Peer 1: 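After the structure tokens below, expect a handful of questions from me.
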Amino acid sequence: MSAAAATADWLRLTLVPGIGNQTQRKLLKTFGLPTAIFGASRDALASAVGDSAATLLLQTDNEAAIAQALTWSERPDQHLVCLADPDYPQALLEIPDPPTVLYVRGRLELLNQASVAVVGSRNPTPQGTANAERFAAALAATGLSVTSGLALGIDAAAHRGALAAGGASVAFIGTGNDRVYPAANRQLAIDLARLGTIVSEFPLGTPPLASNFPRRNRLISGFAKGVLVVEATTESGSLITARLAAEQGRE
């Protein structure tokens with residue numbers, strides 16, 4: 001089987017509506033690689049994940065979405081990284097809910113470079129912004145990459161600080177990797193795709209749905225050695241990221 005055909009099967013698994021990460025992992029544990037999943041009988045699939053999921057797996061037509069993703073990945077700076085690939089971030093294999101497929105723009109080697117996450121408020125004080133940039137620059141100077149979420153405020157300051165210092169930065173986003181959100185960070189996203197890495201677990205075209213950003217946060221914390229919160233309110237997503245880091249055994 002060609003690499004493109006194998007990747008197509010990974011995409012086929014992840015692009016079935018209603019088949020989430022947990023069901024995908026159960027199928028992979030039961031059958032092995034996606035090729036074996038789609039080669040299994042309906043009875044075997046139903047026995048593993050139930051009748052409804054088996055029907056979805058066998059009857060969903062997602063060929064157009066698969067073709068779109070494969071075409072997207074033909075550019076030299078755009079990659080589809082599957083759970084079994086050697087380039088897959090090894091740190092994410094340690095968390096309870098690793099994505100099955102990652103859509104990656106930029107430097108693939110940064111997926112396995114040691115990193116520290118810097119996160120915080122979308123409406124920081126000027127001092128908070130300056131602190132985030134200085135912390136990020138100092139971390140980057142030690143050879144660590146700086147991970148954040150490409151949001152306004154502290155996230156953007158952390159990415160800018162790392163890149164300005166000549167270091168590397170990785171952004172985990174809550175939309176498809178063919179979109180930039182928020183639009184105000186478009187130039188920063190261009191810089192990150194050129195000098196760093198932008199990563200999404202969401203299919204191409206996914207809009208900025210509110211429910212996607214807490215999911216994104218578990219990847220920021222799980223990818224990094226530790227999480228630095230620069231400024232945040234008590235109910236913020238940044239503190240959710242810090243809690244997730246503690247649950248994942250990160251600093």
Side-chain angles (χ1 to χ4, degrees), residues 1-16 21 24-25 28 33-35 37 62-95 97-115 117 140 144-150 155 159 162-163 167-181 185-208 212 215-224:
M1 174 180 288
S2 69
T7 301
D9 280 341
W10 283 96
L11 289 166
R12 183 180 177 191
L13 176 63
T14 60
L15 292 172
V16 177
N21 277 6
Q24 291 167 28
R25 287 196 304 277
L28 291 166
L33 295 174
T35 303
I37 295 171
N62 49 24
E63 292 301 318
I66 292 170
Q68 179 191 19
L70 290 173
T71 300
W72 179 87
S73 71
E74 289 174 358
R75 283 189 47 166
D77 61 339
Q78 296 180 171
H79 316 275
L80 296 167
V81 180
C82 307
L83 198 60
D85 289 348
D87 290 320
Y88 192 92
Q90 298 303 294
L92 293 184
L93 296 177
E94 300 171 2
I95 69 173
D97 189 20
T100 304
V101 172
L102 295 172
Y103 298 74
V104 181
R105 291 172 62 203
R107 297 169 56 192
L108 204 56
E109 72 272 15
L110 295 184
L111 295 182
N112 282 292
Q113 179 173 318
S115 184
L144 294 164
S145 70
V146 173
T147 299
S148 199
L150 196 57
D155 285 20
H159 292 306
L163 295 180
S169 192
V170 178
F172 283 88
I173 61 173
T175 66
N177 214 339
D178 56 340
R179 295 190 171 212
V180 175
Y181 178 82
N185 280 344
R186 180 168 298 279
Q187 185 56 53
L188 178 57
I190 291 170
D191 294 341
L192 280 166
R194 182 170 58 89
L195 301 170
T197 309
I198 304 176
V199 186
S200 177
E201 68 177 311
F202 300 106
L204 300 176
T206 301
N212 288 350
R215 286 190 54 75
R216 178 274 314 268
N217 290 349
R218 85 192 192 288
L219 302 184
I220 294 174
S221 57
F223 180 77

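All values derive from a computational prediction rather than experimental measurement.
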Peer 1: Test side chain to side chain contact (heavy atoms under 4.5 Å, CB included) on Val146 and Val170; report intermediate values, then the result.
Peer 2: CA-CA 6 Å; Val146 173; Val170 178; over 6 Å; no

Peer 1: Checking Glu109 now: which residues fulfil side-chain hydrogen bond (donor to acceptor under 3.5 Å, both in side chains) with it, not counting sequence neighbours?
Peer 2: Arg107

Peer 1: Does Ser148 offer a backbone N or O that forms a donor-acceptor pair with the side chain of Asp155 under 3.5 Å?
Peer 2: no

Peer 1: Assess whether side chain to side chain donor-acceptor pair (under 3.5 Å) is satisfied between Thr100 and Gln24, documenting all intermediate values.
Peer 2: CA-CA 8 Å; Thr100 304; Gln24 291 167 28; 2.5 Å; yes

Peer 1: To the closest 0.5 Å, what do you measure between CZ (Phe223) and CZ (Arg218)?
Peer 2: 14.0 Å

Peer 1: Between His159 and Leu150, is the side chain to side chain contact (heavy atoms under 4.5 Å, CB included) condition met? List the steps.
Peer 2: CA-CA 7 Å; His159 292 306; Leu150 196 57; 4.2 Å; yes

Peer 1: Please enumerate all residues that pass side-chain hydrogen bond (donor to acceptor under 3.5 Å, both in side chains) together with Glu74, with sequence neighbours excluded.
Peer 2: none

Peer 1: Under the 3.5 angstrom rule, does the side chain of Asp77 hit a backbone N or O of Gly106 as a donor-acceptor pair?
Peer 2: no

Peer 1: Out of curiosity, Arg216 CZ to Leu219 CG, how far, rounded to the nearest 0.5 Å?
Peer 2: 9.0 Å

Peer 1: Please check: side-chain N/O of Thr206 versus main-chain N/O of Phe202, any donor-acceptor pairing under 3.5 Å?
Peer 2: no

Peer 1: Would a 4.5 Å heavy-atom cut-off, applied to side chains only, mark Leu192 and Ser169 as touching?
Peer 2: yes

Peer 1: For residues Leu102 and Pro89, determine if any side-chain heavy atom of one lies less than 4.5 Å from a side-chain heavy atom of the other.
Peer 2: yes

Peer 1: Distance from Leu188 atom CG to Ile190 atom CD1, nearest 0.5 Å?
Peer 2: 9.5 Å

Peer 1: Of all residues at least two apart in sequence or in a different chain, which pass the side-chain hydrogen bond (donor to acceptor under 3.5 Å, both in side chains) check with Gln68?
Peer 2: none

Peer 1: Okay, side chain of His79, backbone of Leu108: is any donor-acceptor separation there less than 3.5 Å?
Peer 2: no

Peer 1: Kindly compute the distance separating CZ (Arg12) from OG1 (Thr7), expressed to the nearest 0.5 Å.
Peer 2: 14.5 Å

Peer 1: Quick one: does Asp9's side chain have a donor or acceptor within less than 3.5 Å of a partner on Ala6's backbone?
Peer 2: no

Peer 1: Side-chain polar contacts of residues 172-179 - donor-acceptor pairs under 3.5 angstrom, sequence neighbours left out - could you list them?
Peer 2:
from	atom 1	to	atom 2	distance (Å)
Asn177	ND2	Tyr103	O	2.8
Asn177	ND2	Ile198	O	3.0
Asp178	OD1	Gly205	N	2.8
Asp178	OD2	Gly205	N	3.2
Arg179	NE	Gly205	O	3.3
Arg179	NH2	Gly205	O	3.3

Peer 1: Sequence neighbours excluded, which residues qualify as salt bridge (Lys or Arg N to Asp or Glu O under 4.0 Å) partners of Glu63?
Peer 2: none

Peer 1: Apply ring-ring contact (aromatic ring centres under 6.0 Å, His included) to Tyr88 and list each qualifying residue two or more places apart in sequence or on a separate chain.
Peer 2: none

Peer 1: Do Ile37 and Leu13 have side-chain heavy atoms sitting under 4.5 Å apart?
Peer 2: yes

Peer 1: Rounded to the nearest 0.5 Å, what separation is found between the CG atom of Leu11 and the CG atom of Asn62?
Peer 2: 8.5 Å

Peer 1: Using the side chain to side chain contact (heavy atoms under 4.5 Å, CB included) rule, take Val101 and Val81 through it: C-alpha gap first, then chi angles, then the decisive distance, then the call.
Peer 2: CA-CA 6 Å; Val101 172; Val81 180; over 6 Å; no

Peer 1: Side chain to side chain contact (heavy atoms under 4.5 Å, CB included), that's the test. Do Leu80 and Ser73 meet it? Break it down for me.
Peer 2: CA-CA 6 Å; Leu80 296 167; Ser73 71; 3.7 Å; yes

Peer 1: Does Gln78 reach the main-chain N or O of Trp72 with its side chain, forming a donor-acceptor pair under 3.5 Å?
Peer 2: yes

Peer 1: State the OG-CG distance between Ser221 and Leu92, to the nearest 0.5 angstrom.
Peer 2: 9.0 Å

Peer 1: Got a donor-acceptor contact below 3.5 angstrom from the Arg105 side chain to the Thr197 backbone?
Peer 2: no

